[in-house]
Amino acid sequence: MPGTAPPSGMRDFLPEDVRRREYVIGIIKRVYERYGFEPLETPAAENLETLLGKYGEEGNKLIFKILRRGEHEATGQADLALRYDLTVPLARVVAQYQAKLPRPFKRYQIQPVWRADRPGRGRFREFYQCDVDSLGSTSPLVEAELCGAVSDALTELGFKGFRFRINHRRRLTRLLRAFRIPPELHERALVALDKLDKVGPDGVAAELRNGGLGADSVKAFLAFYGLVQTAPGTYGADVSLLALDMSESASSNTMAESDEMSAAENLRAILELTKGTSAESRMHYDPFLARGLSYYTGAIMEVNVADLAGSLGGGGRYDNLVGMFSGQHIPACGFSLGLERILVVMTERGMFPPSLATSPADVMVATFDAAGAGPAMRVAGVLRGAGLRVMVYPDPDRIGRQIKYADGRGIPFVAILGEDEIKAGTVTVKNLARQTQRTYQQSAAGAAIREALTGRG
RNA sequence: GUGGGUGUAGCUCAGGGGCAGAGCGCCUGACUGUGGCUCAGGAGGUCGCGGGUUCGAAACCCGUCACCCACCCCA
């Protein structure tokens with residue numbers, strides 16, 4: 001027996017699952033369209049070299065490779081790979097169609113991506129991302145607008161307590177320098193810092209020590225953390241933006257200083273521009289936010305809710321990625337929502353509207369014998385013409401069984417078509433919830449059912 | 001990749017060297033043109049897979065695979 005489970009980390013979506021997914025996707029699409037983002041789709045696979053080297057060392061390992069086909073198959077070499085995210089394919093597309101695409105170019109893309117890592121809670125090998133990106137502008141307005149759009153989408157889905165954390169790649173490097181962390185340990189240290197909200201300052205300090213960092217680095221981290229913590233409005237205010245400058249002013253050189261200042265100003269400008277969007281009160285500066293992908297160059301963002309360990313989504317500015325394909329410098333910034341994460345939270349909290357638990361049809365036509373099949377098809381057509389969703393039960397099973405089937409599927413009405421009805425050109429409509437039934441002219445049944453349906457709310 | 005746990009009916013699970021079990025679901029009938037409730041009956045299993053111990057293994061031992069949890073990393 002081959003086994004019937006789908007491949008590990010990949011899922012079948014039964015009708016109920018698909019309805020929930022489409023509900024969420026529909027809302028996200030509508031919101032993004034409202035901001036002038038246009039739809040884009042790209043192939044599941046990319047040339048392997050398109051993906052390699054874009055995600056950092058860890059990312060390279062997680063790319064799902066596709067073996068060469070035909071006579072080269074035996075070599076075991078790969079030339080294609082399933083896409084790892086939607087950002088790199090976007091950069092490729094923008095490089096490829098420079099002449100055709102407007103600038104700035106704003107697009108959204110909701111498609112699956114694949115990662116060859118071990119599945120876990122809310123983690124899959126095949127999962128959907130909902131990306132929005134703006135290309136062609138370095139304005140902080142872009143970051144602010146992305147946060148606003150994402151915030152609108154989450155709000156419309158019914159999320160209440162989400163927060164955006166924002167940081168800047170250049171500030172992060174500077175922070176590491178301030179902690180006297182040697183460059184070769186930067187990646188490791190970033191991972192440790194990123195875990196602050198999970199393991200707390202002591203946990204991070206322990207990680208840093210385990211990572212082979214000296215006591216002075218750990219001390220510098222704890223000191224900085226203390227400063228941030230004691231600053232008024234911590235994590236939420238511009239005040240903490242200043243903390244880094246204060247802690248560092250003594251030992252900095254001018255170049256780094258101006259670079260740092262521009263990063264701080266950039267963050268301030270973004271925060272300023274989110275005012276008036278639905279993201280305004282949700283923006284929080286987090287000096288320890290890191291994010292794993294290596295292509296980010298400027299602001300980085302993440303959106304979280306309290307009851308999910310990971311994030312609902314994240315994004316940032318990647319000004320050099322398109323250039324890796326075209327040689328032309330096209331600045332870009334984007335945000336990606338994880339559909340599966342959103343679904344996990346919404347399912348746990350019961351955030352789906354009751355109307356989603358819909359039946360496959362409004363009416364099911366039931367018949368008693370093979371002779372009823374033809375009339376049933378015609379009546380179904382008439383009912384569909386009245387705007388109803390109609391299915392015909394295909395076999396002349398016992399009528400009780402047919403009604404039971406309809407009831408089990410949540411179909412509210414059964415249109416019974418027996419010998420008498422067929423002769424008279426009528427149809428008996430049974431309301432399953434009310435246990436009532438009434439016989440109508442076939443031409444009038446549709447309107448009657450529609451009325452009963454809207455009456456039901 | 002590391003550590004732990006679990007694999008028994010379609011689903012959720014009990015059992016613990018001697019006849020393969022329960023609840024739910026499914027099917028049949030009571031009820032031949034009417035569902036939910038009730039009652040009676042029925043179908044459905046290589047006890048994950050391979051080997052070993054034993055008169056005898058679903059159980060004990062070894063291996064293996066799958067899934068779950070934690071770590072790691074991420075959306």
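In this text, all values refer to a predicted model and were calculated from it rather than measured experimentally. The chains referred to below are lettered A, B, ... by the order of the sequence lines, with proteins before strands, and numbering in each begins at 1.
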Could you list the donor-acceptor pairs under 3.5 angstrom formed by side chains in residues 407-417 of chain A, with sequence neighbours left out?
from, atom 1, to, atom 2, distance (Å)
A:R409, NH1, A:Y405, O, 3.2

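- Using a cut-off of 4.0 Å between Lys/Arg side-chain N and Asp/Glu carboxylate O, A:K54 and A:E46 are scored as not salt-bridged.
- When the side-chain hydrogen bond (donor to acceptor under 3.5 Å, both in side chains) test is applied to A:Y295, the partners found at least two apart in sequence or on another chain are A:D85, A:T87.
- Rounded to whole Å, the P atom of B:A66 lies 25 Å from the corresponding atom of B:C74.
- Every residue two or more places apart in sequence or in another chain was checked for a side-chain hydrogen bond (donor to acceptor under 3.5 Å, both in side chains) with A:E22, and none qualifies.
- If you take atom P in B:C47 and the same atom in B:C19, they sit 14 Å apart, rounded to whole Å.
- Using a cutoff of 4.0 Å between basic side-chain nitrogens and carboxylate oxygens, A:R20 and A:D17 are scored as salt-bridged.
- A gap of 13 Å separates the C1' atoms of B:A20 and B:G44, to the nearest Å.
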Within the 4.0 Å limit for protein heavy atoms, which parts of nucleotides 29-43 of chain B are touched? Write it as a string from 5' to 3', B for base, S for sugar-phosphate only, - for none.
S---BBBB-------

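- The separation between A:D117 atom CG and B:A75 atom C1' is 10 Å, rounded to whole Å.
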Encoded 5' to 3' (Watson-Crick or G-U under 3.5 Å; [ ] crossing; | other strand), RNA chain B becomes (((((((..((((....[..)))).(((((.......))))).....(((((..]....))))))))))))....

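- OP1 and OP2 of B:A66 both lie 4.0 Å or more from every side-chain N or O belonging to A:S8.
- Distance CG (A:L62) to P (B:C73): 12 Å, rounded to an integer number of Å.
- Among residues at least two apart or in separate chains, side chain to side chain donor-acceptor pair (under 3.5 Å) pairs with a member in residues 361-372 of chain A are A:D362-A:R389.
- Ion pairing of A:D133 with A:R107 is present here, as a side-chain N (NZ or NE/NH1/NH2) and a carboxylate O approach within less than 4.0 Å.
- Atom CZ of A:R341 is separated from atom P of B:C73 by 14 Å (rounded to the nearest Å).
- If you take atom C1' in B:U46 and the same atom in B:A59, they sit 16 Å apart, rounded to whole Å.
- Under the 6.0 Å cut-off for aromatic ring centres, A:F335 and A:Y32 do not qualify, their centroids lying 6.0 Å or more apart.
- Under 3.5 Å, the side chain of A:R115 and the base of B:C73 form no donor-acceptor pair of N or O atoms.
- Using a 4.0 Å heavy-atom distance criterion, A:K195 is classed as a sugar-phosphate-only contact.
- The residue A:V191 sits close only to the backbone: its heavy atoms come under 4.0 Å of sugar-phosphate atoms, none of a base.
- Looking at A:R317 and A:D319, a side-chain N of the basic residue comes within less than 4.0 Å of a carboxylate O on the acidic one, giving a salt bridge.
- Closest-nucleotide positions on RNA chain B for A:Q129 and A:P7 were compared, and the one nearer the 5' end corresponds to A:P7.
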